[in-house]
Amino acid sequence: VQLQASGGGLVQAGGSLRLSCAVSGSSVSINGVDWYRQAPEKQRELVAGFTIGDDEVYADSVKGRFTIASDIPKNTVYLQMNRLKPADTAVYYCDADITYLDGRFWRRKRSWGQGTLVTVSS
């Protein structure tokens with residue numbers, strides 16, 4: 001099972017980016033994904049979260065600008081980021097709650113992927 005976050009880049013303030021969190025592997029499914037970010041010299045913060053069957057959650061700083069979308073058959077969750085601000089500059093990570101087949105047994109775990117850098121210029 002592998003988890004990969006992608007889609008970061010350099011964008012001007014007011015622009016948009018879409019991040020992807022893809023879980024690969026056979027016999028694996030996503031139960032939910034949390035997106036975090038960490039800016040230089042700042043603590044990691046939860047940006048948005050998605051769990052199947054529950055409401056999405058967003059940090060106050062991104063409400064109305066960021067949206068989570070999921071493509072469960074593709075085991076991919078997206079973070080659409082609009083009206084980006086320089087304060088959104090950070091490395092973004094996804095933390096996925098997944099179920100996977102381990103031999104003869106189904107197991108559930110959280111998997112933390114490598115981050116993707118988002119830089120918003122003023």
Side-chain angles (χ1 to χ4, degrees):
V1 177
Q2 289 189 328
L3 186 66
Q4 180 66 49
S6 61
L10 174 63
V11 64
Q12 286 189 330
S16 298
L17 282 174
R18 189 179 77 161
L19 305 184
S20 299
C21 179
V23 178
S24 60
S26 59
S27 301
V28 61
S29 62
I30 292 177
N31 304 306
V33 170
D34 292 329
W35 285 97
Y36 290 86
R37 67 185 179 188
Q38 186 162 20
E41 301 182 357
K42 290 190 177 181
Q43 288 190 330
R44 185 179 68 197
E45 64 171 336
L46 177 66
V47 175
F50 154 79
T51 300
I52 292 177
D54 284 341
D55 293 336
E56 298 153 10
V57 294
Y58 298 94
D60 288 343
S61 59
V62 307
K63 278 181 183 176
R65 301 187 298 121
F66 290 11
T67 304
I68 283 183
S70 62
D71 187 341
I72 298 303
K74 292 185 178 180
N75 280 334
T76 302
V77 174
Y78 305 97
L79 183 66
Q80 178 66 44
M81 307 186 296
N82 298 327
R83 304 200 309 275
L84 283 161
K85 305 175 181 179
D88 296 318
T89 295
V91 177
Y92 285 72
Y93 301 88
C94 59
D95 176 27
D97 175 2
I98 61 175
T99 298
Y100 66 101
L101 186 62
D102 180 14
R104 296 184 295 118
F105 302 100
W106 287 97
R107 301 190 189 279
R108 186 168 179 171
K109 71 173 184 178
R110 299 201 72 92
S111 184
W112 186 260
Q114 288 187 332
T116 184
L117 176 63
V118 171
T119 303
V120 184
S121 63
S122 56

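Sequence positions, counted from 1, serve as the residue numbers for this chain. Quantities reported herein were computed from a predicted structural model and do not represent experimental measurements.
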Verdict with reasoning, Asn82 to Ser16, per side chain to side chain donor-acceptor pair (under 3.5 Å): CA-CA 4 Å; Asn82 298 327; Ser16 298; 2.9 Å; yes

Return the minimal non-hydrogen interatomic distance between [X] and [Y], and the atom names on each side.
X     : Y      : value
Val28 : Asn75  : O-ND2, 2.9 Å
Gly7  : Leu17  : O-CD2, 3.9 Å
Asp34 : Gly49  : OD1-CA, 3.3 Å
Leu10 : Ser121 : CD1-CB, 4.4 Å
Pro86 : Ser122 : CG-CB, 3.9 Å
Cys94 : Leu3   : O-CD2, 3.5 Å

Salt-bridge contact Lys109-Asp97 (side-chain N to carboxylate O under 4.0 Å):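 No, this pair does not count.
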
Using a 4.5 Å cut-off on heavy atoms from C-beta on, say whether the side chain of [Y] contacts that of [X].
X      : Y      : value
Leu84  : Phe66  : yes
Ser27  : Trp106 : yes
Val118 : Met81  : yes
Asp88  : Arg65  : yes
Ile52  : Ile72  : yes
Val91  : Thr116 : no
Ser61  : Arg37  : yes
Ile68  : Val77  : yes

Hey, could you give me the [atom1]/[atom2] distance between [X] and [Y], rounded to the nearest 0.5 Å?
X     : Y     : atom1 : atom2 : value
Ser20 : Gln80 : OG    : CD    : 9.5 Å
Cys21 : Ile30 : SG    : CD1   : 6.0 Å
Trp35 : Asp95 : CH2   : CG    : 11.0 Å

Audit row: Tyr36, Arg44, side chain to side chain donor-acceptor pair (under 3.5 Å) steps and yes/no: CA-CA 7 Å; Tyr36 290 86; Arg44 185 179 68 197; 5.7 Å; no

Heavy-atom donor-acceptor pair, Thr76 side chain to Asp71 backbone, under 3.5 Å: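 Not a single qualifying donor-acceptor pair exists.
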
Is it the case that more than 12 heavy atoms not belonging to [X] sit under 6.0 Å from its [atom1] atom?
X     : atom1 : value
Asp54 : CG    : yes
Glu45 : CD    : yes
Glu56 : CD    : yes

Ring centres under 6.0 angstrom apart (Tyr93, Trp112):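 Here the rings of Trp112 and Tyr93 have centres that are less than 6.0 Å from each other.
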
Worked verdict on Thr99 versus Asn31 for side chain to side chain donor-acceptor pair (under 3.5 Å): CA-CA 7 Å; Thr99 298; Asn31 304 306; 2.9 Å; yes

cation_pi(Arg18, Tyr78) dist<6.0 Å, angle<=45: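 Verdict for Tyr78: a cation-pi partner in Arg18.
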
